[in-house]
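Both counts, for ligands and for their atoms, begin at 1 and track the order of listing. Quick note: numbers below take in every heavy atom, side chains included, and nothing from hydrogens, waters or symmetry partners.
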Amino acid sequence: MGIKRLVLMGPPGAGKGTQAANLAQGLGVAHISTGDILREAVKTSTPLGIKAESYLKKGLLVPDELVVELVVSVLENQEGFLLDGFPRNIAQAEILEEQLKQANDGVEMAISLEVEDDAIVKRLSGRRVCSKCGASYHVEYKKPSKEGVCDVCGGELYQREDDKEETILNRLDVYKQQTMPLVDFYRKRGVLVGIDGEGSVEEVTKRLSEAVS
Ligand code: ADP
Ligand code: AMP
């Protein structure tokens, strides 16, 4: 039996979204991106979206109680999962651990995708996202076949509001202060796997599939 409960970590722009859908599909688990869920909630102005909007805009973490409630409900009845963008701090990781303990099923692998700051800024400032399905593109590194149109679903591509330079630097700061301590958290639990996230999309995909096989 393959690995069924995974966490995918890494700075914003590390390539988590780009890699997660395929990786999850290959493992037969659900891809759960808290960023995607929150952006959809903002777009459709749900009560969660209305509360979360200003945090996303500034590149700050949405308060734990909002995100935790969301993740707990999504994980319910989910046998396997690849969490992308959660947990984002130690408090969230501890709540996840507690939640999974009740089911006797802890995180089996926490993958940390490692990418240097200068590459992150280049990736995020050129990122374009599908407004329908959330697929990620890049103006230079991952162009769609037809400019401005998603290859997967034909949706319109847009630039995320938090992919402006000033917000990018803010998000990198938030990552270093609040999310990076999770690398040690999962290392201590013996489930951490560090993966080099630099190089082409295909190279990173290959490293990831080797790590989980
Ligand atoms: P994350 O989900 O970690 O924030 P994304 O998967 O959205 O990051 O990737 C950020 C940007 O970098 C996107 O524009 C994506 O097309 C691009 N990208 C992803 N992986 C690579 C790679 N290996 N090389 C170059 N660009 C990449
Ligand atoms: P992402 O799509 O993962 O880059 O996340 C985009 C934004 O959503 C972040 O900058 C946060 O504002 C918010 N967000 C996503 N996941 C979380 C989380 N686990 N905890 C708090 N905020 C989050």
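Inclusion of Y141 in the set of residues having an N or O under 3.5 Å from an N or O of ligand 1 is not warranted. Close N/O approach between D162 and ligand 2 is not found [any backbone or side-chain N/O within under 3.5 Å]. Residue S33 has no nitrogen or oxygen atom sitting less than 3.5 Å from a nitrogen or oxygen atom of ligand 2, judged on distance alone. Among the atoms of Q19, none of the N or O lies under 3.5 angstrom from an N or O of ligand 1. Residue-to-ligand polar distances keep G59 apart from ligand 2: every N/O pair is separated by 3.5 Å or more. Backbone and side-chain nitrogen or oxygen atoms of R160 are examined, and one is located within less than 3.5 angstrom of a nitrogen or oxygen of ligand 2. Considering backbone and side-chain N/O atoms, T34 comes within less than 3.5 Å of an N/O atom of ligand 2. Considering both main-chain and side-chain atoms, R88 comes within under 3.5 Å of ligand 2 through a nitrogen or oxygen pair.
G85 and T34 make their closest contact through O-OG1, 3.1 Å (heavy atoms, listed as atom of the first residue, atom of the second, distance). Nearest approach of A110 to M9, heavy atoms of both residues: CB-CE, 4.3 Å. Minimum heavy-atom separation, D64 to Q92: OD1-NE2, 3.0 Å. Across all their heavy atoms, V129 and S136 have their closest contact at CG2-OG, 4.4 Å.
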Side chains of residues 152-159: which donor-acceptor pairs under 3.5 Å do they make with residues two or more places apart or in other chains?
{"residue": "Q159", "atom": "NE2", "partner": "S125", "partner atom": "O", "Å": "3.4"}

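Using a 4.5 Å cut-off between side-chain heavy atoms of Ile, Leu, Val, Met, Phe, Trp and Tyr, with links allowed through other members, L100 and F86 fall into the same hydrophobic cluster.
With ligand atoms numbered from 1 in the order given, ligand 1 contributes 23 (N) to contacts under 4.0 Å with heavy atoms of S200. Listed by number with element, the atoms of ligand 1 under 4.0 angstrom from any heavy atom of Y137 are 13 (C), 14 (O), 16 (O). Here is the list of ligand 1 atoms found below 4.0 Å of a heavy atom in G17: 1 (P), 2 (O), 6 (O). Near A14, meaning under 4.0 Å from any of its heavy atoms, are these atoms of ligand 1: 3 (O), 8 (O). Close approach of ligand 1 to G199 (heavy-atom distance below 4.0 Å) involves ligand atoms 22 (C), 23 (N), 24 (N).
Inter-residue side-chain proximity for I90 and L182 is flagged as met; some heavy-atom pair is nearer than 4.5 Å.
Protein heavy atom nearest atom 15 (C) of ligand 1, with residue, atom name and distance: T18 OG1, 3.7 Å. Nearest protein neighbour of atom 4 (O) of ligand 1, counting heavy atoms only, is G13 N, 2.8 Å. Of the protein's non-hydrogen atoms, R123 CD, 4.0 Å is the one closest to atom 18 (N) of ligand 1.
With a 4.0 Å cut-off on non-hydrogen atoms, L56 touches ligand 2 through its backbone as well as its side chain.
A cation-pi arrangement, defined by a distance under 6.0 Å to the six-membered ring centre and an angle within 45 degrees of its axis, is absent between R187 and F185.
Taking a 4.0 Å cut-off on heavy atoms, K58 fails to register as neighbouring ligand 2.
Of all the listed residues (L61, L60, V62), L60 holds the heavy atom that lies closest to atom 12 (O) of ligand 2.
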